[in-house]
Amino acid sequence: MQVYQGLDIITNKVTSEEQQFCEHHMISCVDPLITNFTVVDFRNKAVALIEDIFSRDKIPIVVGGTNYYIESLLWKVLVNTGSPPGEKTAARGDQVSADRKTQLEKLDFSELHARLKNVDPEMAAKLHPHDKRKVARSLQVYEESGISHTEHLRRQQEEDGGGPLGGSLRYRHHCILWLHSDQEVLNARLNARVDEMLEMGLIQELQDFHKRYNEKMIAQSGQDYQHGIFQSIGFKEFHEYLVTKDITPGQTNILLQKGIEALKQRTQKYAKKQNKWVKNRFLKRPGPNVPRVYGLDATDISAWDKNVLSPAIQIVSSFLQDQLPDMKPMDIASDSNESKRTSRLCDFCDRIIIGGREWAAHTKSKSHLHHVKKM
């Protein structure tokens with residue numbers, strides 16, 4: 001979200017003062033009204049910047065928690081079906097491609113999933129019918145290339161350097177540092193950050209951005225908060241507060257507090273999702289294309305120098321000297337018996353469950369047992 005202009009507080013952009021310490025890229029570089037800036041667009045711009053940094057004998061540092069975007073830089077995992085980057089038709093091709101995906105997402109989820117099932121039954125079995133974005137993307141891949149998404153991914157895995165995660169690593173050398181914290185401590189820290197955002201003028205920022213960009217979109221065609229900067233965590237949570245008119249100050253305050261609480265809950269949920277991605281992507285699925293990860297415990301801020309800064313400096317220094325650091329990377333644990341992408345239909349609950357672990361949890365849930373007993 002930080003690539004978009006606006007909403008600086010809610011997207012937690014680095015301040016102008018912080019940016020004076022070193023050059024930052026890809027911040028506030030996209031117009032907020034552009035809603036189809038894709039991960040492919042991000043990758044193309046970021047890879048060009050990384051190559052330029054390399055050409056100047058500098059080391060690029062990728063910082064953030066938007067895992068899908070970081071993934072696109074680490075691995076050659078994205079499926080290209082349009083014009084190659086750099087061709088004169090590339091910009092237009094990307095626009096048409098993005099528009100087609102948007103068109104597909106407007107279809108009813110059952111029709112969309114049925115279409116995918118006809119051309120790529122294997123991918124359809126892996127994706128939940130309600131996951132419109134992924135279903136539409138897989139269908140779009142087939143429409144634009146004539147090759148199923150499943151086949152594209154199979155070819156990636158079979159490439160030199162490919163593996164369980166897909167295509168080969170884009171760069172030969174990686175130094176990955178994962179700052180993690182105990183969940184309870186992290187939740188308190190995230191709540192405090194929301195409070196700090198409020199003190200910095202978050203509500204005024206939301207009101208100004210809503211009046212300038214969002215109000216018109218709601219009036220014209222409705223707003224689903226699913227595209228572009230409008231999907232930022234913290235913007236849609238204040239929808240009721242921003243659009244409700246002619247109510248008492250007390251009612252306004254209730255909507256405001258409801259938005260603040262929703263923002264805190266949503267932020268904590270996203271943090272858990274980020275941590276889960278790191279564990280599943282790096283630590284539970286070993287292969288020839290999985291780089292080492294060094295974990296740094298940031299739970300105790302008073303011990304920052306000892307637990308985070310000093311080991312990080314030692315790790316990076318060793319990396320730059322092409323040596324292994326004294327600190328060991330995090331262990332990789334893989335459960336070969338777990339099927340993460342199997343799809344099963346629960347006849348009792350009329351629900352599709354994705355993943356072996358999720359199926360095991362579902363069959364033990366109160367809801368499932370209730371339906372079984374009722375049947």
Side-chain angles (χ1 to χ4, degrees), residues 36-48 50 66-87 89-107 109 111-172 227 277 280-282 284-291 339-343 352 354-356:
N36 53 9
F37 183 83
T38 67
V39 66
V40 175
D41 298 318
F42 172 84
R43 179 207 59 189
N44 293 345
K45 289 178 178 292
V47 167
I50 289 171
T66 311
N67 301 321
Y68 187 40
Y69 284 64
I70 294 175
E71 185 177 308
S72 74
L73 302 181
L74 287 175
W75 289 280
K76 297 177 182 178
V77 292
L78 298 180
V79 176
N80 292 323
T81 58
S83 304
E87 289 192 5
T89 57
R92 177 59 185 159
D94 289 345
Q95 177 66 47
V96 172
S97 179
D99 289 344
R100 179 53 184 158
K101 184 170 180 289
T102 301
Q103 291 172 359
L104 289 170
E105 288 179 6
K106 292 179 180 178
L107 295 174
F109 68 85
E111 179 186 349
L112 193 62
H113 195 260
R115 287 192 186 188
L116 180 62
K117 190 174 182 179
N118 286 334
V119 298
D120 191 352
E122 188 174 341
M123 183 58 69
K126 294 178 180 178
L127 299 178
H128 197 287
H130 290 181
D131 194 342
K132 272 193 173 184
R133 281 192 170 190
K134 290 184 179 179
V135 174
R137 173 56 181 158
S138 291
L139 189 58
Q140 177 195 16
V141 166
Y142 175 78
E143 288 185 355
E144 295 180 353
S145 67
I147 301 172
S148 71
H149 199 173
T150 298
E151 178 61 18
H152 274 291
L153 297 178
R154 185 187 66 78
R155 293 179 183 182
Q156 278 186 351
Q157 292 177 347
E158 292 179 352
E159 290 176 358
D160 184 29
L165 300 183
S168 60
L169 286 163
R170 187 178 304 280
Y171 306 104
R172 289 180 59 193
H227 300 89
W277 180 87
N280 289 339
R281 198 64 164 153
F282 288 106
K284 291 186 178 180
R285 299 175 66 185
N289 59 346
V290 182
S339 177
K340 292 183 172 64
R341 303 300 290 171
T342 54
S343 171
I352 292 178
I354 307 293

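Computed from a predicted structure; not experimentally measured. For the single chain, residues carry numbers from 1 onward in sequence order.
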What do the steps show when you test Phe282 against Trp277 for ring pair (Phe, Tyr, Trp, His ring centres under 6.0 Å), and what is the final call?
CA-CA 8 Å; Phe282 288 106; Trp277 180 87; 5.5 Å; yes

Are Arg170 and Ile50 close enough, and set up right, to give a side-chain contact (heavy atoms from CB on, under 4.5 Å), and what steps lead you there?
CA-CA 11 Å; Arg170 187 178 304 280; Ile50 289 171; over 6 Å; no

Applying side-chain contact (heavy atoms from CB on, under 4.5 Å), run through Asn67 and Arg281 and close with a yes or a no.
CA-CA 10 Å; Asn67 301 321; Arg281 198 64 164 153; over 6 Å; no

Output, in order, the C-alpha distance, side-chain angles, deciding distance and verdict of side-chain contact (heavy atoms from CB on, under 4.5 Å) for Glu122 and Lys126.
CA-CA 7 Å; Glu122 188 174 341; Lys126 294 178 180 178; 4.0 Å; yes

So Leu104 and Glu143, side-chain contact (heavy atoms from CB on, under 4.5 Å) or not? Walk me through it.
CA-CA 11 Å; Leu104 289 170; Glu143 288 185 355; 4.0 Å; yes

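Side chain of Asp120 to backbone of Leu139: no donor-acceptor contact under 3.5 angstrom is found. With hydrogens and angles disregarded, a donor-acceptor distance shorter than 3.5 Å links the side chain of Lys132 to the backbone of Glu105. Side chain of Ser72 to backbone of Tyr69: a donor-acceptor contact under 3.5 angstrom is found.
Between the CG atom of Asp41 and the CZ atom of Arg43 there is a distance of 9.0 Å, given to the nearest 0.5 Å. To the nearest 0.5 Å, atom CG of residue Asn118 and atom OH of residue Tyr142 are 9.5 Å apart. Taken to the nearest 0.5 Å, the CG atom of Leu116 stands 6.0 Å off from the NE2 atom of His113. Atom CD of Gln140 and atom NE2 of His149 lie 10.0 Å apart (nearest 0.5 Å).
Between Pro291 and Leu169 the shortest side-chain heavy-atom distance falls below 4.5 Å. Arg137 has its side chain out of reach of Lys134: every pair of non-hydrogen atoms, C-beta onward, lies at least 4.5 Å apart. Between Ser145 and His152 the shortest side-chain heavy-atom distance falls below 4.5 Å. Counting heavy atoms from C-beta on, the side chains of Val47 and Phe42 never come closer than 4.5 Å. Residues Leu127 and Ser138 are in side-chain contact: their nearest non-hydrogen atoms beyond the backbone lie under 4.5 Å apart. Residues Val39 and Glu71 have side chains not in contact (no heavy-atom distance under 4.5 Å, counting atoms from C-beta outward).
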